[in-house]
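Step one of this worksheet: look at the structure below.
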Amino acid sequence: MSALAHVPTASGQPVSPPPAARRGRHRLLPYLLLLPGAAWLFLFFAVPLVQLAAASLYDPTGSLSTGYALTWAFGNYPTALQAYWPQFGRSFLYAGIALVLALLMGYPLAYAIAQKAGRWKNLLLVCVIAPMFTSFLVRTLAWKTILSDNGWLVGLLRDVHLLGPDGRLLATPIAVVLGLTYNFLPFLVLPLYASLERLDYRLLEAASDLYASPLKTFRRVTLPLSMPGLIAGTLLFFIPATGDYINAELLGTPKEYMIGNVIDSAFLVRLDYPQGAALSFLLMSAILVVVFVYLRRAGTEEVL
Amino acid sequence: MRVSRWFAQHWVMGVALLVLGYLFLPIAVVAGLSFNRPSSRLSYDFNEFTLDNWRNPCATSDMCDAVLRSVQIGFLATVAATVLGTLMAFALVRHRFRGRSGLNVLIFLPMATPELVMGTSLLALFVSGGVPLGFWTIVIAHVMFCVSFVVVTVKARLSGMDRRLEEAAMDLYASEWQTFRRVTLPLVLPGIVAAALLAFSLSFDDFIITNFNSGTTVTFPMYVWGAAQRGIPPQVNVIGTAMFGIALLLVLASSMRGRKARRAAIATAVPGATSRS
C-alpha cells in the first residue's frame, strides 16, 4: 500500500501521501470499538457465572424471602448430586444416543448436499435451515401430534407388531430422544457440510483409482478430511442437547426428566437457589470435561 | 447388476432426502394443524378443516400480545447486539491490540455454554442485585447471547473482504469517512444484515434463557410453554406457519437480489457480459 502511495502521478509531480498513512493516530480506536460489547459480555455473561458459583455455595437453609448467606457450603454439591444423579446421567445418555442417531442421519445428508447435489446445493441447504424458522416449541409440539396414540405412526407400528397393541411412543424415552435428535440436527449438519463442501472430489477419485473400496475411501479419505466439521458439529449438537429440557417436558413424563427439568424447578418452582445453582454449575463443568476429553482424543484444537 | 450400480451411486442422496423429510414432517404438521378445529382444548389430533384460525389469528388475545412483545424484544435486542457486535468485529479484524486471545474466549464461550447455565446465572445475578425481572431483563439477556453470533457473522464477511478496494479509494483521495461510508460499509452490509436477521430469529425463538429472566412478562415461546399445560389454541400453529413463510420469503428474496446484484456487477465490470449470459 505504501509503495503505491508514493507513486508519482502521470504528470510527474510527486503527490502528498494519501490520508491512509495517518492510521497511527488511532491507537485508542480498537479499545473504543471493543469497549461496549466486551463490557456487556463481561457484565452479563462472566459476572453472572461468578454469581452462580457463589449462589451454589449459599447456606442451604436460607430462602429467597429471608435472604441467603454465603457460607461456602460445599456440601450442596454432594447433596444435589445424590438426589438427582439419575436425571444427570439421563441427560448425557439421551444426548449421547441422540448424537449417534443424528450422525447417522446428518452425515449422509451433509455429504449429499456438499458432493452430490450439484445445482440443487443451495436449495437443499435452505431446506436444512428452513425448519428452524418455525418456533422451537411449536415444532416440538408438532411431534406430540405425530407420536400421539391415535396417530398414523403408532397405528402403523402396531400393525406391523413393532409396538404391542397398547404400545406407545409419546411419553417414552424414544419420544424424547427423537425430539432431541430432530431439534438439534441442523446444528450438526451445517458445520459438517462446510467441511465436506471443501473436500476435493478428485481425492476420492484418486482413492478409487488406486483400488480403495468405497468403505476404505470413506474411512481413510473422506472421514479424516471432514474431521473439523465433524468435531464442531458434534459439539454444537451435544452441548445444547444435554442442557435441553423442553423435549423431556413436552414429549416425556417425569420418568424421562433430564437435569434441565430439575434445575428449572429448583429455580422457578421450589425456589431452592443453592441447589439449582450447584446443579447448573455441575452441568457446565461436566460438559466442559466431556468436551475437553473429546477434543483431546479427536486431536484438534482449532475449533476453539 | 445395473440396479445395484444405480443404488450404489444414489443411496446417499436417497438417505439425504429421507432425512430432509424427517426435518420437514413437523412443519407439515404445524401447517396442517393451523387449519384444524380441535375437538377439545387438550387434543393434538387433526379433527376438522377450518379457515377460522387464519381469519382470526388473534382470537386468543394474550397470544397476540405475546407475539407483539417478542417482536419488540427481538427488535431492541437485534439493534443493540448488531451495533455492539459489528464494532467488535471491526476491532478484531482491523486492529491489533492487547488481550486479543482473552477477548476471543469471552466471545466464544457464550456460544458454547448451555443456555440453561446462562439463564440461571443471569437470574442469580439479577436476584442478588435486586433487579426486578421483566421486559428489560429479557432484553439484556438476549443482547448478551446474540452479540457473539453477530461478531462471528460480521467477522467472516469482513475478513473475506478485499482490502485493496479501500486502499484504492484512499489513494483516490477519499477521506476516511468517505471510504468507510462509500466502500467499506456497502461491502460489509450483507454480513451485518445476515447477523441482524440471525440475532432476531435467536431472540424471537429463545425460550430457556427467557424463562429464567422474564418474571411475569410473557413472550411468544413463554406463551406456548404455558399453553402446553392448559391446552394449545390452534392459532399457535398459524403463527408458526406464518413465521416459516415469512422467513422463507426473506431467504428467497435475498438470494434473488444476490443473483441480480452479481449479474449487474458482471455487467458493469465486463461490457457485453449481459448479452452473453
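The analysis underlying the following values was restricted to heavy atoms, covering all of them including side chains, and did not include hydrogens, waters or symmetry mates. Protein chains get the first letters and strands the later ones, always in sequence-line order, with residue 1 at the start of each.
Of the inter-residue distances, the one linking F133(A) atom CZ with M243(B) atom CE reads 10.0 Å to the nearest 0.5 angstrom. Note that CZ of F244(B) and CZ of R139(A) are 10.5 Å apart. Values are rounded to the nearest 0.5 Å. F90(B) CZ to L34(A) CG: the interatomic distance, rounded to the nearest 0.5 Å, is 12.5 Å. Atom CE of M13(B) and atom CH2 of W120(A) lie 10.0 Å apart (nearest 0.5 Å). Between N211(B) atom CG and L268(A) atom CG the span is 5.5 Å, to the nearest 0.5 Å. A distance of 12.0 Å separates CZ of F44(A) from OG of S121(B), quoted to the nearest 0.5 Å.
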**Request:** Before giving the answer on side chain to side chain contact (heavy atoms under 4.5 Å, CB included), spell out for V29(B) and W143(A) the whole-Å C-alpha distance, their side-chain angles and the decisive distance to 0.1 Å.
**Result:** CA-CA 8 Å; V29(B) 169; W143(A) 277 105; over 6 Å; no
**Item:** Check against side chain to side chain contact (heavy atoms under 4.5 Å, CB included), L122(B) and F45(A)
**Value:** CA-CA 7 Å; L122(B) 259 179; F45(A) 175 75; over 6 Å; no
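Across all non-hydrogen atoms, the minimal contact from M88(B) to A38(A) is SD-N, 3.5 Å. W40(A) and I140(B) get closest at one heavy-atom pair: NE1-O, 3.4 Å. Looking at every heavy atom in both residues, P30(A) comes nearest to R96(B) through CG-O, 4.2 Å. The two residues L84(B) and P36(A) make their nearest non-hydrogen contact at CD2-CB, 3.3 Å. The minimum heavy-atom distance between D205(B) and S135(A), with the atom names listed, is OD1-CA, 3.2 Å.
For CZ of F42(A), the number of neighbouring non-hydrogen atoms (other residues, nucleotides, ligands) closer than 6.0 Å is 12 at most. The number of heavy-atom neighbours closer than 6.0 Å to NZ of K155(B), taken from other residues, nucleotides and ligands shown, is 12 or below.
Among T241(B), T86(B), V127(B), the residue making the largest number of heavy-atom pairs under 4.5 Å with chain A is V127(B). Looking only at heavy-atom pairs under 4.5 Å with chain B, the residue among P131(A), A39(A), G151(A), S56(A) that has the most is P131(A). Chosen from V147(B), V150(B), L123(B), the residue pairing most often with chain A at heavy-atom distances under 4.5 Å is L123(B). Among W11(B), F207(B), F145(B), the residue with the largest count of heavy-atom pairs under 4.5 Å with chain A is F207(B). Here I246(A) is the residue among L250(A), I246(A), L49(A), I287(A) with the most heavy-atom pairs under 4.5 Å with chain B. Most heavy-atom pairs under 4.5 Å with chain A, from the set I208(B), V236(B), V83(B), V224(B): that is I208(B). Between chain A and the options L25(B), L33(B), V15(B), the largest number of non-hydrogen pairs under 4.5 Å is found for L25(B). Residue with the most contacts toward chain A among G14(B), A247(B), G245(B): A247(B) (heavy-atom pairs, distance under 4.5 Å). When each of A266(A), A130(A), P214(A) is scored by its heavy-atom pairs under 4.5 Å with chain B, the top score falls to A130(A). Of all the listed residues (G37(A), A46(A), A55(A)), the one sharing the greatest number of non-hydrogen pairs under 4.5 Å with chain B is G37(A). For the set Y273(A), Y107(A), Y68(A), the entry with the most heavy-atom pairs within less than 4.5 Å of chain B is Y273(A).
By the 4.5 Å heavy-atom criterion applied to side chains, L141(A) and V30(B) are not counted as neighbours. Side-chain contact between F136(A) and P221(B) is absent, with no heavy atoms from C-beta onward closer than 4.5 Å. Within the 4.5 Å cutoff, the side chain of I239(B) has no heavy atoms near those of the V138(A) side chain.
Both the backbone and the side chain of V128(A) come within contact range of chain B, judged by heavy atoms closer than 4.5 Å. The part of L43(A) that comes within reach of chain B is its backbone (N, CA, C, O), which places non-hydrogen atoms under 4.5 angstrom from that chain. Heavy-atom distances place both the backbone and the side chain of T181(A) under 4.5 Å from chain B. Heavy-atom distances place both the backbone and the side chain of Y182(A) under 4.5 Å from chain B. Heavy atoms closer than 4.5 Å to chain A are found in the side chain of V251(B), but not in its backbone. Residue P240(A) does not touch chain B at all, counting heavy-atom pairs closer than 4.5 Å. No part of N183(A) comes within reach of chain B, as not one of its non-hydrogen atoms sits under 4.5 angstrom from that chain. Interface remark: A241(A) contributes no atoms to any contact with chain B (heavy atom separation under 4.5 Å).
Within residues 275-283 of chain A, the residues having any heavy atom less than 4.5 Å from a heavy atom of chain B are, in residue-number order, S280(A), L283(A). Close approach to chain A, defined as a heavy atom under 4.5 Å from one of its heavy atoms, is seen in A16(B), V19(B), L20(B), Y22(B), L23(B) of residues 16-23 of chain B, taken by number. Inspection of non-hydrogen atoms places L185(A), P186(A) of residues 184-194 of chain A under 4.5 Å from chain B.
Taking the six-membered ring where tryptophan is involved, the planes of Y31(A) and F97(B) are perpendicular, since the angle between them exceeds 60° and thus also 30°. Ring orientation note: the planes of F267(A) and F212(B) are nearly perpendicular, at an angle over 60° on the 30°/60° scale.
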Mind listing the side-chain donor-acceptor pairs of residues 99-119 of chain B below 3.5 Å, one per line with the distance, residues two or more places apart or on another chain?
{"from": "R100(B)", "atom 1": "NH1", "to": "H95(B)", "atom 2": "O", "distance (Å)": "3.1"}
{"from": "R100(B)", "atom 1": "NH2", "to": "L92(B)", "atom 2": "O", "distance (Å)": "2.2"}
{"from": "T113(B)", "atom 1": "OG1", "to": "L109(B)", "atom 2": "O", "distance (Å)": "2.7"}

